[in-house]
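Working notes, structure below.
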Protein chains: 2
Amino acid sequence: MDFERPIVTVDIVLLTLRDSHLHAGLTRRDKAPALGAWTLPGGWVHTDQDQDADEAAARILRDKAGLVSPYLEQLRTFSGMHRDSRGWSLSVSYYAVVPEPVGEPAGERFRWAPVDGLRSLPFDHAQILRTAVERVRSKTLYSSLPVHLMPAEFTLGALQRTYEQVLGATLDKRGFRRRIEELDVIEEIPGAFTSGGSHRPAQLYRKKAHAPALKTATSNLPVG
Amino acid sequence: MDFERPIVTVDIVLLTLRDSHLHAGLTRRDKAPALGAWTLPGGWVHTDQDQDADEAAARILRDKAGLVSPYLEQLRTFSGMHRDSRGWSLSVSYYAVVPEPVGEPAGERFRWAPVDGLRSLPFDHAQILRTAVERVRSKTLYSSLPVHLMPAEFTLGALQRTYEQVLGATLDKRGFRRRIEELDVIEEIPGAFTSGGSHRPAQLYRKKAHAPALKTATSNLPVG
DNA sequence: CTAATAGTGTCTCTTAGACACTATAAA
DNA sequence: TTTATAGTGTCTAAGAGACACTATTAG
């Protein structure tokens with residue numbers, strides 16, 4: 001016997017670091033339910049063009065946030081009878097991590113919001129967001145994930161501040177540098193240094209061209 | 001505009017340890033496509049009775065394998081245009097880890113198969129199985145997951161052999177015991193020991209009553 | 001006694017964590 | 001000079017890994 005097919009959507013937690021805090025990208029809904037509300041970017045799977053849910057996520061990110069994220073991972077699937085007023089629904093959720101965008105986002109249908117202020121969002125999007133932030137914080141402890149928050153060129157000091165801002169904790173400089181070197185995902189840009197400050201210039205680094213999106217260590221960063 | 005709703009199923013990788021090797025529980029399909037083939041236990045979401053996908057997974061496990069697993073976790077969602085001949089489909093997959101069942105499974109619609117021999121399964125079930133086994137091996141390195149493979153009472157030696165069989169590597173006894181003690185998920189059964197072998201009896205242990213399903217360490221077990 | 005497995009003591013070597021030190025810029 | 005940040009050297013304490021030792025049963 002057959003059952004009614006659930007509603008299937010793909011929702012994306014798009015994260016970046018602005019003003020020293022994690023921000024999530026939100027879009028304004030143009031349909032009921034929750035018409036006019038700010039939610040995580042999401043949409044239906046287009047069964048005629050999306051090869052799979054990953055492609056649907058990349059398409060939605062492109063259409064709603066106008067960007068292509070090199071780091072886009074499935075988070076988990078949220079489902080239930082009551083999470084959407086239209087019926088039994090299922091959301092395959094993803095999280096993306098991108099460098100701070102330059103300038104204000106184009107259009108009125110997209111904005112960045114600090115994740116710590118987002119206690120309530122329509123549907124179960126607050127829970128999805130919370131899960132994504134937890135995942136990112138946890139991966140930050142033992143992986144190179146925060147490198148995706150950095151611009152093309154950056155210093156080790158800036159990378160450490162990024163880790164610290166994601167974790168909400170300070171790290172020892174020596175230990176941090178040892179760890180990053182082990183992960184082997186960034187490289188010096190020969191001869192490139194910062195300039196301008198009244199202090200010693202810093203070596204600029206970039207992601208290694210062929211490094212995997214994520215490298216993991218076998219132990220956690222020491223936090224507090 | 002609306003799109004055709006994808007086919008939604010829940011599939012479960014049910015794992016146990018028999019004869020020193022990981023085995024997966026398979027059920028025989030009684031419908032097309034792949035009629036008569038052995039596949040991962042799975043089924044439709046029953047939108048009228050399942051509160052969410054977790055409940056659907058528990059129901060399917062109960063109906064098809066006749067058991068209730070204390071450890072049942074979402075693995076990930078597999079989807080695509082071509083993974084099921086009936087159309088664009090999506091499978092929310094789960095993995096469960098249970099002690100070796102006593103006796104042969106009841107019925108002809110269920111059997112255990114060694115995971116290493118399962119190179120090909122209908123749909124993308126071989127890939128789902130591979131992903132689950134990877135996940136279990138990886139969690140074995142830093143968590144108490146294999147405790148769910150143990151019967152109600154067991155020795156530390158048996159637990160170590162379980163870890164070793166899942167990992168396919170030998171572990172140092174001292175280090176292993178230190179690690180298990182840190183995880184703090186099992187306890188001695190006062191006065192209970194093995195008997196019968198021509199050697200010193202071993203203390204019997206059990207899961208702690210209120211321990212969480214999974215405890216994690218901050219570093220990996222040392223393997224080769 | 002031997003054989004076999006259970007369980008503990010402990011030494012060494014690695015590494016994390018702390019922190020002091022030097023380096024180099026601008027004012 | 002001072003101030004600020006970049007970057008390195010290195011000591012120490014904790015812990016992992018190795019492995020030898022004792023304990024307790026049956027035969």
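In this text, all values refer to a predicted model and were calculated from it rather than measured experimentally. Order of the sequence lines sets the chain letters (A, B, ...), proteins ahead of strands, with each chain counted from 1.
The Arg200(A) side chain lies nearest to dT5(D) when the options are dA6(C), dT5(D), dA26(C). Nearest to the side-chain atoms of Arg177(B) among the listed nucleotides dA6(D), dT8(C), dA18(C) stands dT8(C). If you check dT24(C), dA6(C), dT25(D) against the side chain of Pro201(A), the one that comes closest is dT24(C). The side chain of Ala202(B) approaches dG7(C) more closely than any other nucleotide in the set dA6(D), dG7(C), dG7(D).
Taking the side chain to side chain contact (heavy atoms under 4.5 Å, CB included) definition, one finds that Arg62(B) meets it with Arg59(B), sequence neighbours left out. In this structure, Pro99(A) has no side chain to side chain contact (heavy atoms under 4.5 Å, CB included) partners at least two apart in sequence or on a different chain. Applying the side chain to side chain contact (heavy atoms under 4.5 Å, CB included) rule to Ser89(B) yields the partners Ile7(B), Arg83(B), Asp84(B); only residues at least two apart in sequence or on another chain are considered. For Phe78(A), the ring-ring contact (aromatic ring centres under 6.0 Å, His included) test picks out no residue, with sequence neighbours left out.
Donor-acceptor pairing under 3.5 Å, judged by distance alone, is present between the side chain of Arg174(B) and the base of dG9(C). Within 3.5 Å, a donor on the side chain of Arg178(A) pairs with an acceptor on the base of dG17(C), or the reverse.
In this entry the distance linking CD of Gln203(B) with P of dT25(D) reads 13 Å, nearest Å. Separating the NZ atom of Lys173(B) from the C1' atom of dT10(C) is a distance of 15 Å, rounded to the nearest angstrom. Atom CD of Gln160(A) and atom C1' of dG17(C) are 13 Å apart (whole Å). If you take CG of Leu171(B) and P of dC19(D), they are 15 Å apart, rounded to a whole angstrom. Atom P of nucleotide dA6(C) and atom CG of Asp172(B) are separated by 14 Å, given to the nearest angstrom.
Along DNA chain C, the nucleotide nearest His199(B) and the nucleotide nearest Leu204(B) are compared for position; the residue whose nucleotide lies closer to the 5' end is His199(B). The residue among Leu156(A) and Ser198(A) whose nearest nucleotide of DNA chain D is located toward the 5' end is Ser198(A).
Heavy atoms from other residues, nucleotides or ligands lying under 6.0 Å from CD of Glu100(A) number more than 12.
DNA chain D is contacted by no residue of residues 181-195 of chain B, taking any non-hydrogen atom closer than 4.0 Å.
Evaluated for a salt bridge (Lys or Arg N to Asp or Glu O under 4.0 Å) with Asp184(A), the options Lys208(A), Lys207(A), Arg178(A) yield exactly one hit, Lys208(A).
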Scan the side chains in residues 187-197 of chain A for donor-acceptor partners under 3.5 Å anywhere in the protein, sequence neighbours excluded, and list what turns up.
residue   : atom : partner   : partner atom : Å
Glu187(A) : OE2  : Arg206(A) : NE           : 2.9
Thr194(A) : OG1  : Ala202(A) : N            : 2.7

